[in-house]
Peer 1: 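Sharing a structure below in structure tokens format, with a few things to ask.
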Amino acid sequence: MKRMPIAISGAGIAGMVCALHLARYGHTVHLFEAAKDLSEVGAGLQLSANALRCLEPLGLLEELKIPATRPNSVEIGNGRTGAHLASIPLGDHAETKYGTPYLVIHRADLQRVLKQAVERHQAIHLHLGCPVDDAMEQVDGVRLIGALPAHLENHPFACLVAADGVWSKIRTNTLRLPPAEFSGRVAYRTTVPIKGLSDRLRTTTGLWMGNKSHLVHYPVHSGELLNIVAIRREEWKAEHWAYTASTIELRRAFDDWADEPRQILELGENWTRWALCGIQPDTAWHQGRIALIGDAAHAMLPFMAQGAAMGIEDACILAAALEKHSDIPTAFARYEASRKPRVSKVSRQAVNNERIYHLPIPGCYARDLVLRTSSPDSLLSKFDWIYNWKPEDVDLN
């Protein structure tokens, strides 16, 4: 199946990666995005080896290394006591072990690199300010419903890939699947200038664990900014799913923590409070010639730092399935069958990580002892099954 016109709704990370892979296989792609520009609000994300193996064939790895940083290690501590518990090696060790570096990057920097690659590709047509609200599958193709360019109204597409995020309209309006639900967790996010901060903050990823809460920080934007994320179990009564939070509000939430992690929180002045919402990965991901990828299919909690990576993997494998199978429903069925077990396992691991991170007294004592007495490489190797994944090993038959 070559050079078929394909529609993608959503020009986020998964949508743009999917467009680039499809174009690499020779397809013409129309990429529709509701926003009028792609100035991304948000914070950092982690690009482990499994994600980078999907980006490398697109020729983007060297370009991504410029705004990304490569932390030397993950430093784990107890937020309540301030005790340092373990150090998981990254840097050269992870690159040697997995064959690619372990990068952290600001979401906006990743999106900028992807957008530039999309705009360079003649087979990809990016339509900003064009939300896709619904779609209809007809005999001659899939027709989109939304604020489309005039020349594409009633235009048939061979298929539609919905990469329109956790609040996907294609998921709810077209496929009639349940929407995302509030998880009972919230994230406070900010970035601060890194100049003048300690070597530890500038060269490592930090993880501080506490009762029903934890704190993560790492350098982004070519090492110029420190990304800080504090996550807690809290209720959500606000009308919208994100708003500007006060520093006082955040300090109160972590007032029983030790000095060192609290000093990191004190660095931030402009915080955004986000409701963390999720979608169970066991619902359907496709119907006929319409398929979901990324958060639209399986938005997960961030406790394994694999949300973006799973969307990138989805994009790569869906494009490969369309290349392998000329029948689109068959291709989408093989994509879903090959992806769902892995994504479900990663999602369960994220939930398990939260349980470990957020243990109260006395459970945290056993956790801390295990971390203190485990070898650094054994802590990293626990997740070899995630990081060693390769797209070429996926069976799409």
Side-chain angles (χ1 to χ4, degrees), residues 12-14 40-47 74 76-77 79-80 104-111 165-167 179-192 201 205-221 225-257 261-262 264-279 294-296 298-311 346-347 349-359:
I13 293 167
E40 174 67 50
V41 295
L45 54 86
Q46 303 186 42
L47 293 175
V74 179
I76 305 176
R80 184 182 60 84
V104 291
I105 191 169
H106 197 288
R107 183 176 294 268
D109 288 331
L110 173 57
Q111 189 157 282
V166 65
W167 299 113
E181 294 182 351
F182 175 54
S183 68
R185 294 89 161 174
V186 300
Y188 296 83
R189 293 175 173 146
T190 192
T191 55
V192 299
L201 293 178
T205 291
L207 167 62
W208 297 91
M209 303 176 295
N211 183 14
K212 297 182 180 180
S213 59
H214 74 278
L215 169 67
V216 175
H217 53 83
Y218 48 83
V220 294
H221 197 55
L225 298 174
L226 183 69
N227 179 64
I228 309 174
V229 184
I231 297 179
R232 287 176 47 84
R233 279 188 173 267
E234 293 180 5
E235 294 184 1
W236 189 271
K237 297 179 180 178
E239 180 179 353
H240 302 290
W241 294 108
Y243 68 84
T244 301
S246 71
T247 305
I248 295 174
E249 182 180 8
L250 182 63
R251 289 171 181 165
R252 188 183 303 121
F254 290 86
D255 62 358
D256 61 342
W257 276 38
R262 287 195 62 184
I264 295 169
L265 291 171
E266 295 284 344
L267 295 172
E269 297 181 357
N270 301 307
W271 294 88
T272 302
R273 184 174 183 254
W274 297 78
L276 297 180
C277 301
I279 293 171
D295 284 350
H298 49 69
M300 65 180 62
L301 294 171
F303 306 113
M304 193 58 237
Q306 284 292 305
M310 290 300 103
V346 173
S347 183
Q349 183 65 57
V351 172
N352 188 55
N353 282 359
E354 184 208 24
R355 181 186 62 80
I356 295 168
Y357 295 173
H358 292 186
L359 281 170

Peer 1: For Gly268 and Val192, work out which heavy atoms get closest and say how close.
Peer 2: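 Scanning both residues completely, I find the closest heavy atoms to be CA-CG1, 3.7 Å.
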
Peer 1: Do Arg80 and Asn211 have side chains that approach each other closer than 4.5 Å (heavy atoms only, starting at C-beta)?
Peer 2: no

Peer 1: Would you say Arg232's side chain and Val186's backbone share a donor-acceptor pair under 3.5 angstrom?
Peer 2: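 Answer holds: no.
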
Peer 1: Find out whether Leu45 and Ile13 are in side-chain contact, i.e. whether some heavy atom of one side chain is under 4.5 Å from a heavy atom of the other.
Peer 2: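 Yes, their side chains come closer than 4.5 Å.
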
Peer 1: Compare all side-chain heavy atoms of Gln349 with those of Asn352 and state whether any distance is below 4.5 angstrom.
Peer 2: yes

Peer 1: Can you tell me how far the CZ atom of Arg185 sits from the CD1 atom of Ile231, to the nearest 0.5 Å?
Peer 2: 10.0 Å

Peer 1: Which heavy atom of Gly294 sits nearest a heavy atom of Ala14, and at what distance?
Peer 2: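 Smallest interatomic distance, heavy atoms only, reads CA-CB, 4.5 Å.
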
Peer 1: Between Ala242 and Trp236, which heavy-atom pair has the shortest distance, and what is it?
Peer 2: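 It is N-CZ2, 3.8 Å.
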
Peer 1: Judged by atom type as modelled, is there a donor-acceptor pair below 3.5 Å linking the side chain of Thr205 to the main-chain atoms of Tyr218?
Peer 2: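 No: the side chain of Thr205 does not pair with the backbone of Tyr218.
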
Peer 1: Report the distance from atom CG of Asp295 to atom CE of Met300, rounding to the nearest 0.5 Å.
Peer 2: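 So the gap between those two atoms works out to 8.0 Å.
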
Peer 1: Are the side chains of Leu215 and Ile228 in touch, meaning some heavy atoms are under 4.5 Å apart?
Peer 2: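 Side chain of Leu215 against side chain of Ile228, heavy atoms only: contact under 4.5 Å found.
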
Peer 1: Within this structure, what is the NZ-CD distance for the pair Lys212 and Glu354, rounded to the nearest 0.5 Å?
Peer 2: 10.5 Å

Peer 1: Parallel, tilted or perpendicular: which fits the ring planes of Tyr188 and Trp271, with parallel below 30° and perpendicular above 60°?
Peer 2: perpendicular

Peer 1: CD/Glu269 to OG/Ser246 distance, rounded to the nearest 0.5 angstrom?
Peer 2: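 Reported value, rounded in 0.5 Å steps: 12.5 Å.
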
Peer 1: If you take the centroid of each ring, where Trp contributes its six-membered ring, are Trp208 and Trp257 closer together than 6.0 Å?
Peer 2: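 Ring centroids of Trp257 and Trp208 are no less than 6.0 Å from each other.
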
Peer 1: Which heavy-atom pair separates Phe182 from Glu234 by the least distance, and what is that distance?
Peer 2: CZ-O, 3.4 Å

Peer 1: State whether the side chain of Asn227 and the backbone N or O of Gly44 hold a donor-acceptor pair below 3.5 Å, judged by distance alone.
Peer 2: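 Pair found, side chain donor or acceptor close to backbone of Gly44.
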
Peer 1: For His221, what residues pass the ring-ring contact (aromatic ring centres under 6.0 Å, His included) criterion, not counting sequence neighbours?
Peer 2: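 By the ring-ring contact (aromatic ring centres under 6.0 Å, His included) rule, His221 matches no residue at all.
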
Peer 1: Compare all side-chain heavy atoms of Trp241 with those of Cys277 and state whether any distance is below 4.5 angstrom.
Peer 2: yes

Peer 1: If the plane angle is over 60° it's perpendicular, under 30° parallel, otherwise tilted; pick one for His358 and Phe303.
Peer 2: perpendicular

Peer 1: Distance-only, no hydrogens or angles: does the Ser183 side chain make a donor-acceptor pair with backbone N or O of Gly278 under 3.5 Å?
Peer 2: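 Not at all, since once roles are kept as given, no pair shorter than 3.5 Å links the two residues.
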
Peer 1: Could you give the distance from CD1 (Ile264) to CG (Leu226), rounded to the nearest 0.5 Å?
Peer 2: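 Ile264 CD1 to Leu226 CG: 7.5 Å, rounded to 0.5 Å.
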
Peer 1: Would you call Val351 and Leu301 a side-chain contact if the rule is heavy atoms closer than 4.5 Å?
Peer 2: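 Of all side-chain heavy-atom pairs linking Leu301 with Val351, at least one is under 4.5 Å.
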
Peer 1: For the residue pair Leu265 and Leu250, establish whether any side-chain heavy-atom pair is separated by less than 4.5 Å.
Peer 2: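 A side-chain contact exists here, since the closest heavy-atom pair is under 4.5 Å.
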
Peer 1: How many angstroms lie between atom OG1 of Thr190 and atom CG of Leu225, to the nearest 0.5 angstrom?
Peer 2: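 These two atoms lie 9.5 Å from each other.
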
Peer 1: Please report the shortest heavy-atom distance between Pro219 and Val104, naming the atom on each side.
Peer 2: O-CG2, 3.1 Å

Peer 1: Check Glu266 with Arg251, please: is the shortest side-chain N to carboxylate O separation under 4.0 Å?
Peer 2: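 Yes, Arg251 and Glu266 are salt-bridged.
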
